[in-house]
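Down below is the structure, laid out as structure tokens.
What's counted below: heavy atoms across the whole structure, side chains too, no hydrogens, waters or symmetry copies. Numbering of residues begins at 1 and proceeds along the displayed sequence. First listed ligand is number 1; within each ligand, the first listed atom is number 1.
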Amino acid sequence: MSRAYNFSAGPAAMPVEALEEAQRELVDYKGSGMSIMESSHRGKEYSEVHEECIANLKELVGVPEGYSVLFLHGGASMQFAMIPMNLLGEGQTADYVNSGAWATKAIKEAKNLGSVNIAADCAKDIPTRQPAADELSLTPGAAYLHLTSNETISGAQMKSFPEADAPLVCDMSSDILSRKIDVGRFGLIYAGAQKNLGPSGAAVVVIRDDLAERCPATVPSMFRYSTHIEKNSLFNTAPCFTIYMIMLVTRWLKKKGTENVYSQNVAKAGKLYNAIDSTDFYSATAVPEFRSDMNVTWRLPSEELEAEFVAEAAEAGLKGLKGHRSVGGIRASIYNAFPPEGVDALVSFMQDFESQNG
Ligand code: PMP
């Protein structure tokens, strides 16, 4: 078996142990005579998977009493709409930090549904960054303050979260479970699964239960958080196989220990930023204080060299390094499951590439 080092931003590298376990169980799940993806979402086998996945996420993320963990269809993008549908009441304003391309998309959806105040805007800044806490202009009595903890495209990550009277709502698609967070400070956290949690097909939502009660009566059942809290994410047929894979990934994370994985994340990113900073040939695109530990972004002296870099790296088994099509450059996504040896391989490739082209 030959596995590439997969630097894709999402769908992203998954733990080999989780893939192998799924492979072993794929055709006949625990002697049931069928795959878990063929099993009823209300049957014994799947119910155990569902419950274990919720329990593992609660433990790993550190979810306090009074919050629910939900699996919802439609990825993080559907949450861009569901959040204002549920939480932004008539006559209220929601504060949004515009930190980049993903925050911009969240803002667009919220503006379709209600009144939005842009509390800070650094979406187009180069070098890329997140706003400092003292830059925010907040609305008194805001329905919530929306943040994007890690801008996957620009590689800018919030290292701490602002204080606000309004509940914090945070898109953690690309850094959930990559570092310790205090869930009690947030009203709602959401993440598309396909980066740090498993394959695509679901968003994981952690919501303070009382917030779900705000939802106007006109919102359809499927789009109400209260429906999914009440039905334990089984209002309709859940994305069972995705949830099963998230369960295997959370089992893997429990075995590795979050402390170990979190410190390894800092070390992996540190190595890569050191390699970038040690030469003028490479230049990091994010302001140092906001450099992401998950999506490391940088440029080469020309677009031609960037294209060559990406192509030669792929030939050497280092895949998915092309920056997002909207910004170009290079992006190495190094989520929890990305192995440290892959970062070493990339650093050594970068040194060779520079000596041949620098
Ligand atoms: N938010 C962030 C920060 C993302 O990185 C992404 C996907 N790359 C999304 C939202 C959208 O996620 P999805 O494709 O699951 O809708």
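Ring pair F281/F353 is tilted by interplanar angle, where 30° to 60° counts as tilted.
Protein heavy atom in closest approach to atom 5 (O) of ligand 1: T152 OG1, 2.4 Å. Nearest protein neighbour of atom 12 (O) of ligand 1, counting heavy atoms only, is A76 CB, 3.4 Å. Atom 1 (N) of ligand 1 has as its closest protein heavy atom D171 OD2, 2.6 Å. Ranking the protein heavy atoms by distance from atom 11 (C) of ligand 1 puts W102 CZ3, 3.5 Å first.
A centroid separation of 6.0 Å or more is found between the aromatic rings of Y335 and F7. A ring-centre distance under 6.0 Å is found for F309 and F349. Ring to ring, Y46 and H41 are not that close: their centroids are 6.0 angstrom or more apart.
The closest approach between N150 and ligand 1 falls below 4.0 Å for a heavy atom of the residue. The closest approach between E151 and ligand 1 stays at or above 4.0 Å for every heavy atom of the residue. Contact annotation: Q194 has at least one heavy atom less than 4.0 Å from an atom of ligand 1.
Proximity annotation for atom 8 (N) of ligand 1: of M294, K195, H324, K195 comes nearest, heavy atoms only. Closest heavy-atom approach to atom 16 (O) of ligand 1 within the set S77, G75, A106, A202: this belongs to S77.
The only member of V249, T250, V261, I176 that meets side-chain contact (heavy atoms from CB on, under 4.5 Å) when paired with L60 is T250.
For ligand 1, the polar-atom distance check against T148 finds no nitrogen or oxygen pair separated by under 3.5 Å. When only interatomic distances are considered, the shortest N/O to N/O separation between G74 and ligand 1 does not fall below 3.5 Å.
Of the heavy atoms in S173, only side-chain atoms (C-beta onward) come closer than 4.0 Å to ligand 1.
Annotation: cation-pi pair K105/W102 present, NZ/CZ under 6.0 Å from the ring centroid and within 45° of its normal.
In this structure, the side chains of M82 and V205 stay at 4.5 Å or more apart for every pair of heavy atoms.
Counting non-hydrogen atoms of other residues, nucleotides and ligands closer than 6.0 Å to CD of E303 gives a total of 12 or fewer.
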